[in-house]
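Let me begin by presenting the structure, written as C-alpha cells, before commenting on it.
Letters A, B, ... are given to chains in the order of the sequence lines, protein chains preceding strands, and every chain is numbered from 1.
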2 protein chains.
Amino acid sequence: MAETRWLDDDEQETWRAYLEGTRLLIQALDRQLETDSGVSFTDYELLVHLSEAPGHRLRMRDLADASFTSRSGVTRAVTRLEDAGWVRRVECDDDRRGMHAELTEAGAAKLAEAAPGHVGAVREHMFDHLSPADRAHIKDAYARMRAHLRPTP
Amino acid sequence: MAETRWLDDDEQETWRAYLEGTRLLIQALDRQLETDSGVSFTDYELLVHLSEAPGHRLRMRDLADASFTSRSGVTRAVTRLEDAGWVRRVECDDDRRGMHAELTEAGAAKLAEAAPGHVGAVREHMFDHLSPADRAHIKDAYARMRAHLRPTP
DNA sequence: ATGACATTGTTGCTCGGTCAACTATTCCCG
DNA sequence: CGGGAATAGTTGACCGAGCAACAATGTCAT
C-alpha cells in the first residue's frame with residue numbers, strides 16, 4: 001500500500017476553484033439556454049453534434065460517444081427531441097439494426113436561434129475572463145487529460 | 001441587437017477540450033469512489049464539507065451553498081447519508097427552524113477510508129498531467145470565473 | 001454455411017436532483 | 001408590541017440519466 005500523497009494547499013485551491021467554477025458555469029449556461037430558448041444544455045449539445053455531422057445525421061451510437069453519455073440516454077434524448085420536432089429517426093439501410101438521428105429544418109432553426117445567446121454566455125462567463133496564456137494552458141492541459149481518460153485506439 | 005462574436009477555432013478547441021475532459025474526469029472520479037468505497041462523488045463531497053466545518057456540523061442551508069446544489073437536494077442527500085449512518089441531524093438551539101447535519105464517527109471513518117483512493121484518482125487523472133504553469137493558470141482563471149458567477153457580498 | 005460471439009438500439013427499474021408549494025419560525029419596521 | 005415579509009427545511013410531482021436485460025442483426029472463424 002503506497003503512501004498517500006495528499007494535495008497541498010495550492011493543489012487544494014486549484015481543485016476547488018476548478019470544480020466550483022465549472023459547476024457554476026454549467027448551471028449558468030443551462031439556465032440561459034432554458035430561459036432564453038427553451039432548450040436544455042444537453043439537448044443543445046446534441047443538436048450541435050448533429051448539425052456538424054455530414055448530412056446532419058449521426059448513428060445513435062456515435063451520438064452517444066460524441067456526447068459522452070450512455071446509449072440509453074441518447075435513446076431517450078432523441079425521443080424527446082423528436083417529440084419537439086427538432087430531430088427525426090431515419091433507418092439505416094446498410095445496417096438493419098441501425099438508426100440515424102437526423103436534424104430537421106425546425107431543429108436547425110432552433111439551433112440558429114439559440115446559438116448567439118449561448119455563445120454570448122460562454123464568452124461572458126468564461127472567455128472574457130481568460131488571458132491568451134490562460135486559454136492556451138487550459139486547452140493543452142484538458143486535451144491531455146481527455147486523451148488520458150479516453151485513449152483513442 | 002449586437003453582432004454575435006462567434007468562437008474562433010482555437011476557442012472552440014479549448015471549449016471542447018475543457019468540457020469533454022471535465023466530463024470524463026468527473027465520470028472517472030465517480031466510478032472510482034463508487035466501486036472502491038461505495039460512495040457517490042456528491043456524497044463524498046458532502047462528507048468532506050462536514051469534516052472541514054467546526055464541530056463537524058453545518059446548517060442545511062450552508063451545506064447547500066457549499067455544495068452548489070438546491071436545499072431540497074441537500075435534504076434528500078442528508079436523509080440518504082443518515083440512513084447510511086454517516087451523518088445525523090441535530091436541532092439548532094438558537095433557531096428552532098434550523099437543522100445541523102453532523103458527521104458521525106462512522107461517517108468520519110468512511111471518509112478516511114475513501115479519501116486516499118479518491119486523492120489518488122484526482123492525481124492520476126488531473127494533477128499528473130498539469131505543469132506548474134498549467135496549474136497556476138487554471139487556479140487563477142477558474143477563481144476569477146467563480147468570483148464572477150457568484151460574487152461574494 | 002453455420003454456430004458462437006459481438007454490437008445496436010430500446011425498455012424497465014431505480015436513483016438522484018430540481019421546482020413549486022407548504023409549514024414553522026424569525027426578522028424588521030411602523 | 002404587532003403584523004407583513006423573509007427564511008429554514010421538508011415534501012410531492014416530475015424529469016433526466018444510468019444499469020442490466022432483451023431481441024434483432026451483424027461478424028467471423030472454422
Side-chain angles (χ1 to χ4, degrees), chain A residues 23-24 26-35 38-47 49-50 57-84 86-102 153, chain B residues 22-24 26-35 38-47 50 57-84 86-102 153:
Chain A
R23 214 155 280 177
L24 288 168
I26 301 300
Q27 283 173 7
L29 296 180
D30 211 347
R31 244 199 335 272
Q32 184 276 325
L33 276 171
E34 193 67 62
T35 64
V39 199
S40 70
F41 186 43
T42 61
D43 286 358
Y44 178 85
E45 285 202 298
L46 292 177
L47 296 181
H49 288 305
L50 292 179
R57 52 164 64 179
L58 234 38
R59 287 286 296 257
M60 300 296 278
R61 169 74 200 217
D62 295 333
L63 193 48
D65 285 353
S67 54
F68 293 79
T69 56
S70 63
R71 261 150 279 150
S72 62
V74 168
T75 291
R76 298 184 205 292
V78 167
T79 304
R80 197 163 61 230
L81 295 172
E82 218 174 9
D83 291 346
W86 300 332
V87 159
R88 75 177 133 256
R89 277 180 164 87
V90 179
E91 288 179 8
C92 215
D93 48 356
D94 57 324
D95 185 344
R96 294 172 59 190
R97 297 167 302 179
M99 273 292 179
H100 291 282
E102 183 180 287
Chain B
T22 296
R23 214 155 281 176
L24 288 167
I26 300 300
Q27 284 173 6
L29 296 180
D30 212 347
R31 243 199 335 270
Q32 184 276 324
L33 277 171
E34 193 66 61
T35 63
V39 199
S40 70
F41 186 43
T42 61
D43 285 359
Y44 177 86
E45 284 202 298
L46 292 177
L47 297 181
L50 292 179
R57 53 164 61 178
L58 234 38
R59 288 285 297 258
M60 300 295 279
R61 169 72 199 218
D62 297 331
L63 193 48
D65 285 353
S67 55
F68 294 79
T69 56
S70 65
R71 262 154 279 148
S72 61
V74 168
T75 290
R76 299 192 202 296
V78 167
T79 303
R80 196 163 61 230
L81 295 172
E82 219 174 8
D83 290 346
W86 300 332
V87 160
R88 74 176 133 255
R89 278 179 164 86
V90 178
E91 288 179 8
C92 217
D93 47 358
D94 57 322
D95 184 345
R96 295 171 57 191
R97 298 167 301 181
M99 272 293 180
H100 291 283
E102 184 179 287

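Between the Glu82(B) side chain and the Arg89(B) main chain, a donor and an acceptor come within less than 3.5 Å of each other.
The side chain of Ser70(B) contributes no N or O atom lying less than 4.0 Å from OP1 or OP2 of dG17(C). Distances shown here put a side-chain N or O of Thr42(B) below 4.0 Å from the OP1 or OP2 atom of dG17(C). Neither OP1 nor OP2 of dC15(C) sits under 4.0 Å from any side-chain N or O of Arg80(B). A sub-4.0 Å separation between OP1 or OP2 of dT7(D) and a side-chain N or O of Arg97(B) is absent. In terms of phosphate contacts, Arg59(A) brings no side-chain nitrogen or oxygen within less than 4.0 Å of OP1 or OP2 of dT7(C). Contact between the side-chain N/O atoms of Arg71(A) and the OP1/OP2 oxygens of dT11(C) is not found at any separation under 4.0 Å.
Annotation for Arg71(B): atom CZ does not count as buried by contact number, only 12 or fewer foreign heavy atoms lying within 6.0 Å.
With rounding to the nearest 0.5 angstrom, the CZ atom of Arg61(B) is 13.0 Å from the CG atom of Asp95(B). Residue Arg97(A) holds its CZ atom at 9.5 Å from SG of Cys92(A), rounded to the nearest 0.5 Å. Atom CZ of residue Arg88(A) and atom NE2 of residue His100(A) lie 12.5 Å apart, to the nearest 0.5 angstrom.
Put simply, CE on Met99(B) is 14 Å from C1' on dT11(D), counting in whole angstrom units. A straight line from CD1 of Ile26(B) to C1' of dG18(D) spans 17 Å, rounded to a whole angstrom. dA17(D) atom P lies 15 Å from atom CG of Asp30(B), rounded to whole Å. We find that CG of Leu63(A) is positioned 12 Å from C1' of dG9(C), with the value rounded to whole Å. Whole-Å rounding puts the Asp95(B) CG to dT25(C) P distance at 10 Å. Here the C1' atom of nucleotide dA17(D) and the CD atom of Glu34(B) are 14 Å apart, to the nearest Å. Going from atom CZ of Arg23(A) over to atom C1' of dG16(C) covers 14 Å, rounded to whole Å. One can place NE2 of His100(A) at 13 Å from P of dT10(C), the figure rounded to the nearest angstrom.
Within the nucleic acid shown, Ser40(B) has no heavy atom closer than 4.0 Å to any nucleic acid atom. Using a 4.0 Å heavy-atom criterion, one finds that Arg31(A) contacts no nucleic acid atom at all.
Of the candidates dA24(C), dT18(C), dG18(D), the closest approach to any side-chain atom of Thr69(B) belongs to dT18(C). When the nucleotides dT25(C), dG9(D), dT10(D) are ranked by their closest atom to the side chain of Arg89(B), dT10(D) comes out on top. Side-chain atoms of Arg76(B) lie closest to dG17(C) of the nucleotides dT10(D), dA17(D), dG17(C).
Looking at which nucleotide of DNA chain D each of Ala77(A) and Asp94(A) is closest to, the 5′-most match is held by Ala77(A). Comparing Thr75(A) and Val74(B) along DNA chain C, the residue whose closest nucleotide (by nearest heavy atom) sits nearer the 5' end is Thr75(A).
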(request) Would you check, one step at a time, whether the test side chain to side chain contact (heavy atoms under 4.5 Å, CB included) holds for Leu33(A) with Ser40(A)? (result) CA-CA 6 Å; Leu33(A) 276 171; Ser40(A) 70; over 6 Å; no
